[in-house]
A.B. asks: 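Structure provided below as structure tokens; questions to follow.
Predicted model only: the values in this text are computed from it and were never measured.
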Amino acid sequence: MKIIFVCTGNTCRSPLAEGLMKKKLDDLGFKGIEVTSAGLAARTGDEVSANSVEAAKKYGVDISDHRARALSPYMFDDGIFFCMSQSHMMPLLPYVGRQRVFLLGNGIDDPFLCGQEVYDRCAEQINSCLYDVIKTLILNFAEISPMQESDIAEIARLESLCFSQPWNEKGLSDELDNENAHFLSARFAGRVLGYIGSIEVCGVAEITNIAVHPDFRRMRIGERLLEAAENGAKQRKCTEITLEVRASNEAAISLYSKAGFSQVGKRPGFYDKPKEDALLMTKFFSEEETE
């Protein structure tokens, strides 16, 4: 996977974006993502702006060794392009396609020939957009697949982050040998961002666990996990899929309602730490859906 930041000369904005993005990915523990930058009118070998070097230092990033590189056709084969302005996007669209070209934020102001304060604001503006870059990558490249033994430790940590009574590693590992259990992981760049587990008995799939890392919510991971679990249940000829949710968990209830689940009951005082009612929500499948 490759991220390519594009501007005009590749000595001011895009080197800043490249350096700050590398640090962000490293801080988040993501691996296997190549980050580079290029200029539409760059003179290959030009040194990065001294003001950009100083702006990057404020984030603990050293870009002093960066040298400008020109955008070339060999870069078009793969990668996701993030451009500093709409004008940078236009030359790329005929070769790359709209699905791989994005504007960074609402566009990044050009600090060229301005003072250090302007470069510092440029770095701040870029840094504030990097979460959306990561969101775009996750939306496009996160994969849903069966839980593996190598996922267990990370999922157990995720359980501890999300729940007051988390599953431990042994409990999760035991489900790998349970033929009625179907656990799925959402993976991206070497990390597990979320997972879902269900157990099927007599044609009913019951979701036992669903969790998304707090740093990566609102990126459709929960929706995709729920959809994958539902599709798997249909393929295995289940007639319905059901779950329990805390009555106060409005975000989860909204997610399940949008996915077609309806409340069918309540279990008073079901949850502990804190004590709370559980709502029972179920989605029934039609015969056509399970054929």
Side-chain angles (χ1 to χ4, degrees), residues 138-214 216-217 219-246 249 251-265 267 270-271 278-291:
I138 289 173
L139 286 170
N140 283 276
F141 296 106
E143 297 180 347
I144 309 295
S145 57
M147 182 177 72
Q148 302 172 7
E149 186 68 47
S150 58
D151 298 334
I152 297 296
E154 199 165 1
I155 289 176
R157 289 193 293 270
L158 182 57
E159 277 274 318
S160 296
L161 274 176
C162 297
F163 303 117
S164 60
Q165 294 179 297
W167 283 38
N168 58 29
E169 290 189 32
K170 183 181 185 307
L172 291 163
S173 186
D174 287 346
E175 298 303 334
L176 291 172
D177 298 320
N178 181 354
E179 63 180 13
N180 294 319
H182 303 279
F183 279 57
L184 303 170
S185 300
R187 301 185 191 87
F188 173 76
R191 285 195 60 182
V192 175
L193 306 185
Y195 86 107
I196 191 169
S198 65
I199 294 178
E200 298 173 5
V201 179
C202 298
V204 176
E206 180 177 358
I207 294 175
T208 58
N209 324 57
I210 180 169
V212 176
H213 193 288
F216 306 108
R217 290 172 183 168
M219 296 185 183
R220 290 201 66 245
I221 296 170
E223 294 174 44
R224 290 185 59 195
L225 285 166
L226 196 60
E227 182 180 13
E230 179 183 327
N231 288 339
K234 289 176 183 176
Q235 291 169 9
R236 292 184 290 272
K237 308 302 182 183
C238 289
T239 59
E240 61 195 76
I241 186 167
T242 188
L243 55 85
E244 297 152 349
V245 59
R246 284 184 178 269
N249 194 343
I253 292 169
S254 176
L255 170 66
Y256 304 143
S257 297
K258 288 178 182 177
F261 285 73
S262 301
Q263 183 179 339
V264 296
R267 291 178 177 168
F270 179 79
Y271 289 110
L279 303 184
L280 303 180
M281 301 186 73
T282 298
K283 182 174 183 178
F284 297 96
F285 304 144
S286 65
E287 290 184 8
E288 291 80 6
E289 289 178 303
T290 56
E291 285 182 352

A.B. asks: Listed by chain and number, what are the side chain to side chain contact (heavy atoms under 4.5 Å, CB included) partners of Phe270, not counting sequence neighbours?
C.D. replies: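 With neighbours one apart ignored, the set is Glu244, Arg267, Ala278.
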A.B. asks: Going from CD1 on Ile253 to CD on Gln263, what distance comes out if it is rounded to the nearest 0.5 angstrom?
C.D. replies: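 Answer for the CD1-CD pair, Ile253 versus Gln263, is 7.5 Å.
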A.B. asks: Just how far is it from atom CE of Met219 to atom CZ of Phe188, taken to the nearest 0.5 Å?
C.D. replies: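 Going from CE on Met219 over to CZ on Phe188, the span is 9.5 Å.
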A.B. asks: Among residues at least two apart in sequence or on other chains, which ones pass salt bridge (charged side-chain N to carboxylate O under 4.0 Å, His left out) with Arg224?
C.D. replies: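 So Arg224 forms no salt bridge (charged side-chain N to carboxylate O under 4.0 Å, His left out) with any residue.
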A.B. asks: For residues 148-179, pull every pair meeting ring-ring contact (aromatic ring centres under 6.0 Å, His included), keeping only residues two or more places apart or in separate chains.
C.D. replies: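 Residue pairs passing ring-ring contact (aromatic ring centres under 6.0 Å, His included), neighbours aside: Trp167-Phe183.
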A.B. asks: Check side-chain hydrogen bond (donor to acceptor under 3.5 Å, both in side chains) between Glu179 and all other residues, then give those that pass, not counting sequence neighbours.
C.D. replies: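 Glu179 satisfies side-chain hydrogen bond (donor to acceptor under 3.5 Å, both in side chains) with no residue once adjacent residues are dropped.
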A.B. asks: Salt bridge (charged side-chain N to carboxylate O under 4.0 Å, His left out): which pairs involve residues 154-172, sequence neighbours left out?
C.D. replies: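 Sorted pair list: Glu154-Arg191, Lys170-Asp174.
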A.B. asks: Might you point out which heavy atoms bring Ala228 and Ile144 nearest each other, and give the distance in Å?
C.D. replies: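 Closest approach of Ala228 to Ile144, heavy atoms only: CB-CG2, 3.8 Å.
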A.B. asks: Leu255: which residues meet the side chain to side chain contact (heavy atoms under 4.5 Å, CB included) condition with it, sequence neighbours left out?
C.D. replies: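 With sequence neighbours excluded, Leu255 shows a side chain to side chain contact (heavy atoms under 4.5 Å, CB included) to Glu223, Leu226, given in chain and number order.
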A.B. asks: Which residues satisfy the ring-ring contact (aromatic ring centres under 6.0 Å, His included) test with Phe285, sequence neighbours excluded?
C.D. replies: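 Here no residue qualifies.
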A.B. asks: Give, for atom CE of Met147 and atom CD1 of Ile196, the distance between the pair rounded to the nearest 0.5 Å.
C.D. replies: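 Interatomic distance, Met147 CE to Ile196 CD1, rounded to 0.5 Å: 12.5 Å.
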A.B. asks: Tell me every residue that passes side chain to side chain contact (heavy atoms under 4.5 Å, CB included) with Ile199, counting only those two or more places apart in sequence or in another chain.
C.D. replies: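 Only Glu175, Asn178, Asn180, Ala181, Val201, Thr208 meet the side chain to side chain contact (heavy atoms under 4.5 Å, CB included) criterion with Ile199.
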A.B. asks: Compare every heavy atom of Met281 with every heavy atom of Ser257, then report the nearest pair and how far apart it is.
C.D. replies: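 So the two residues come closest at OG-CE, 3.7 Å.
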A.B. asks: By ring-ring contact (aromatic ring centres under 6.0 Å, His included), which residues pair with Tyr195, not counting sequence neighbours?
C.D. replies: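 Applying ring-ring contact (aromatic ring centres under 6.0 Å, His included) to Tyr195 gives none.
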A.B. asks: So which atom in Leu161 and which in Pro214 form the shortest heavy-atom distance, rounded to 0.1 Å?
C.D. replies: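 Closest approach of Leu161 to Pro214, heavy atoms only: CD1-CD, 4.1 Å.
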A.B. asks: Quick one: salt bridge (charged side-chain N to carboxylate O under 4.0 Å, His left out) partners of Arg246, sequence neighbours excluded?
C.D. replies: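 Only Glu276 meet the salt bridge (charged side-chain N to carboxylate O under 4.0 Å, His left out) criterion with Arg246.
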A.B. asks: What's the separation between atom CD1 in Ile210 and atom OG in Ser198, rounded to the nearest 0.5 Å?
C.D. replies: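 It comes to 10.5 Å.
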A.B. asks: Please enumerate all residues that pass side chain to side chain contact (heavy atoms under 4.5 Å, CB included) together with Leu139, with sequence neighbours excluded.
C.D. replies: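 So Leu139 forms a side chain to side chain contact (heavy atoms under 4.5 Å, CB included) with Lys135, Arg220.
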A.B. asks: With rounding to the nearest 0.5 Å, note down the distance linking CD1 in Ile221 to CG in Leu193.
C.D. replies: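 Here the rounded value is 4.5 Å.
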A.B. asks: Does anything in residues 233-242 pair up under side chain to side chain donor-acceptor pair (under 3.5 Å), and if so which pairs, sequence neighbours excluded?
C.D. replies: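 Qualifying pairs, neighbours excluded: His182-Arg236, Glu200-Arg236, Glu230-Lys234, Lys234-Glu289, Thr242-Thr282.
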A.B. asks: Please report the closest heavy-atom contact between Phe261 and Ile207, naming both atoms and the distance.
C.D. replies: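 Between these two residues, the closest heavy atoms are CZ-CD1, 4.5 Å.
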A.B. asks: Between Asp151 and Ser185, which heavy-atom pair has the shortest distance, and what is it?
C.D. replies: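 Smallest heavy-atom distance, with atoms named: OD2-OG, 3.0 Å.
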A.B. asks: Tell me whether Glu287 at atom CD has more than 12 heavy atoms from other residues, nucleotides or ligands lying less than 6.0 Å away.
C.D. replies: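 Result for CD/Glu287: open.
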A.B. asks: Please round to the nearest 0.5 Å and tell me the distance separating atom CG of Asn209 and atom SG of Cys162.
C.D. replies: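 Here the interatomic distance stands at 11.0 Å.
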A.B. asks: Grab the two heavy atoms, one from Ala233 and one from Ala205, that are nearest each other, plus how far apart they are.
C.D. replies: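 Nearest pair, atom of Ala233 first, then Ala205: CB-CB, 3.9 Å.
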